[in-house]
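Following: one structure in structure tokens, then a few remarks.
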Protein chains: 2
Amino acid sequence: MAQKVTIATVARQAGVSRQTVSNVIHTPEIVREETRERVRAAITALGYRASQAARQMRTGRSQLIAVRIEPTRDGINGSVLDRFLHGLTEAAGEAGYRVMLYTATDAANEIATYDDLLGAYDLDAFVLTGTDHGDVRTAWLAERKVPFVTFGRSWDAPERYPWVDVDGAAGTAAATAHLVTQGHQRIAFIGWPAGSGVGDNRRAGWASAVSATGVDPAELNRETPDGITQGEEVARQLLELKLPPTALVCASDSLALGALQAVRDRGAAVAVTGFDDTPVAQAIGLTSVSQPLAQAAASCVDLLAAVLDGGGVDGAGDPGGGPAQVLLTPSLVVRQSG
Amino acid sequence: MAQKVTIATVARQAGVSRQTVSNVIHTPEIVREETRERVRAAITALGYRASQAARQMRTGRSQLIAVRIEPTRDGINGSVLDRFLHGLTEAAGEAGYRVMLYTATDAANEIATYDDLLGAYDLDAFVLTGTDHGDVRTAWLAERKVPFVTFGRSWDAPERYPWVDVDGAAGTAAATAHLVTQGHQRIAFIGWPAGSGVGDNRRAGWASAVSATGVDPAELNRETPDGITQGEEVARQLLELKLPPTALVCASDSLALGALQAVRDRGAAVAVTGFDDTPVAQAIGLTSVSQPLAQAAASCVDLLAAVLDGGGVDGAGDPGGGPAQVLLTPSLVVRQSG
DNA sequence: TTGTAGGCGTTATCAA
DNA sequence: TTGATAACGCCTACAA
């Protein structure tokens, strides 16, 4: 391994002091052009890179963002986190940050990890995914003024902290509207049990779109836990009605995959739409609502950067006057199934 | 935010010098018990955690491991990386390391990122996934003596560097043997085109298990790129043979999912097995070969830790006398499909 | 067994 | 416009 190149090496090579090198890096405009160029040449020639550890000691900033990686739950939808993570890493990199991973078994454990991460690595911020009602994690972080963003809006206190989310209602509404355009009039919804913010939101989009056609949605509304077999079962029941629906809007690709199975088994010409546009949907030709995950990740980084680089290190500060919440609109990807 | 707790704070609180605190942390046995306890009490009372940045400046070790997160390819199999990442984060945490993510568009770009990561963050090691023949990344890292492990064996130079892999041949052989036990005699294989180490390996397991029954496998061997539709297409062709197979061993769950579709469409009683035991397989009842991903991740960390904590910082050193390569055996998860 | 001194690479402050 | 000095928090000699 070649000897470590420090700012002193560069200074010697360029025939200036260390401070001048530092100035060239941080405030180039105060350095005479000729000197500046000489220093820059030395930097590239030596392949110099500032030591993040040393810099952190001085500035107290680690340029590190932490995000939790969950044990894979439903694998179909699990790919969503995967894609989000990729987008986050990319966006963070462009903003000069790196992403660090952590795991946690429960909320208490996760908070202990925050403490650890903050104490040892001096993390700049956290990105939380999937917050629920009365989340203790956000409370803990907010209390200590640790900057954070959540991917998934805050359902209890909409304006309390910065979040990025995808407008699920707009997604299911778009799917429903598309089906209406196709001539469908009896459009059912297969979603999760009432009570989850995300699930209720997706259901609401369908309900409003159906209501807009003058039909009462209540009759064709169904609830079930997520899963392929669950979707198949519920779809089967719907198809056995005396007046069965001609289209099924589902809250997830898992449910839709099951529903599609039921439809095919029955040989019925019933349209099906899913949610998340997972690779499975792409592969089997399932019409699905696509979340702009890369964009969501980029927005998370933007929000964080605004707080970190702008309005001080207290998560409470207004991020540079811009909105602290971002709601993105998903798009409908139409395929054979609908 | 409470004032930062440093080693000096603890020393003052416990009424000792900073050095004594450091000794309690690193070499407790040389400190008198009474003093040790007093210092420990102070540490917990104050919630002290050593600053990783400061420690790194002294020791030159960052306790950071980097791993690349890829843009989601096939989402079904994409969940494999997801689970591996989770296992890696967990195992690394237990060994006192943290996982940092990075992205890269191509090999050149990835190497530039190594340079960056190494220069700025002083990473301790890299975990590479999916190396191919004549990988330039491993060459670059090895040349600079940067410790690394690959998940996926080195197909050209088996003994050149530490790797962890899963015995794919054993997996397909187990699946095939299971089918033989069930009375199947015409067992086909649907795998990827010859040339990829992983694909050839999985094919070999099936071939040897079939050969063991005295049957020539060549006739029922099929090649296709990965994908659900590809699997369906190939399976359809196989089922149209005058003497069709009664069982299909597939190189991936994607292929198997497609094959299952073909089997069902035809109403044939043909068994199907997949590979990776993805959540999709679990959901639709597909028999599949399960890779011990958490264990693989743990092995990667073990190998790395042996090099890092043991035999010096040059990746070439023998990791504490233990084997530098780990080959894990997958298990067969039997479900309705086979 | 405990304490003191110095330096890791940066950057902020101040002086030249 | 540039340079000297100090300090961030830790660890490793070495001295007491």
Side-chain angles (χ1 to χ4, degrees), chain A residues 1-40 42-43 46-64 96 118-124 313, chain B residues 1-40 42-43 46-63 96 118-124 309 313:
Chain A
M1 174 100 68
Q3 193 54 35
K4 176 110 189 111
V5 177
T6 78
I7 206 168
T9 323
V10 177
R12 216 174 310 128
Q13 167 96 5
V16 297
S17 75
R18 294 181 324 214
Q19 182 52 34
T20 301
V21 177
S22 181
N23 284 337
V24 169
I25 295 168
H26 295 99
T27 42
E29 62 277 9
I30 73 162
V31 178
R32 201 200 326 159
E33 178 165 348
E34 189 233 346
T35 316
R36 198 193 312 151
E37 288 317 316
R38 195 150 35 97
V39 171
R40 285 205 168 125
I43 287 178
L46 293 158
Y48 166 76
R49 322 191 95 90
S51 154
Q52 182 54 224
R55 176 172 288 176
Q56 179 178 339
M57 283 199 66
R58 273 302 301 183
T59 64
R61 300 271 310 269
S62 63
Q63 302 295 107
L64 249 32
L118 251 18
Y121 287 89
D122 215 344
L123 267 91
D124 285 350
V313 199
Chain B
M1 177 99 68
Q3 192 53 36
K4 177 104 188 121
V5 177
T6 78
I7 206 168
T9 322
V10 176
R12 215 174 312 128
Q13 167 95 4
V16 297
S17 75
R18 296 183 323 218
Q19 180 52 32
T20 302
V21 177
S22 182
N23 284 338
V24 169
I25 296 168
H26 295 99
T27 42
E29 62 278 9
I30 73 163
V31 179
R32 199 197 328 156
E33 178 165 349
E34 189 236 344
T35 316
R36 196 193 314 150
E37 289 316 317
R38 194 150 35 95
V39 171
R40 285 205 169 125
I43 287 178
L46 293 158
Y48 166 76
R49 323 193 95 91
S51 154
Q52 181 53 41
R55 175 174 289 176
Q56 179 178 340
M57 284 199 64
R58 277 297 300 176
T59 63
R61 300 271 310 270
S62 63
Q63 303 295 106
L118 251 16
Y121 287 89
D122 215 344
L123 268 92
D124 285 349
D309 303 334
V313 199

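Just so we're on the same page: letters track the sequence lines, and every chain starts at 1.
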Got a donor-acceptor contact below 3.5 angstrom from the [X] side chain to the [Y] backbone?
X      : Y     : value
B:T27  : B:I30 : no
A:D124 : A:R61 : no
B:Q56  : A:Q52 : no
A:T35  : A:V31 : no

Rounded distance in Å - [atom1] ([X]) to [atom2] ([N]):
X      : N      : atom1 : atom2 : value
B:I43  : D:dC10 : CD1   : P     : 10 Å
B:L118 : C:dG9  : CG    : P     : 15 Å
B:L46  : D:dG9  : CG    : P     : 14 Å
B:R12  : D:dG9  : CZ    : P     : 11 Å
A:E29  : D:dT2  : CD    : P     : 13 Å
A:E33  : D:dT2  : CD    : P     : 11 Å
B:R61  : C:dG9  : CZ    : C1'   : 19 Å
A:N23  : D:dA4  : CG    : P     : 13 Å

Practice problem: Output yes when A:E33 and A:R36 qualify as a salt bridge under the 4.0 Å nitrogen-oxygen rule, no when they do not. | Solution: no
Practice problem: Could you tell me whether A:R49 and B:D122 make a salt bridge, using a distance below 4.0 angstrom between a side-chain N and a carboxylate O? | Solution: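 B:D122 and A:R49: not salt-bridged.
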Exercise. Between protein and nucleotides 10-16 of chain C, map the contacts as a letter string: B base, S sugar-phosphate only, - none, heavy atoms under 4.0 Å, written 5' to 3'.
Key: BBBB---
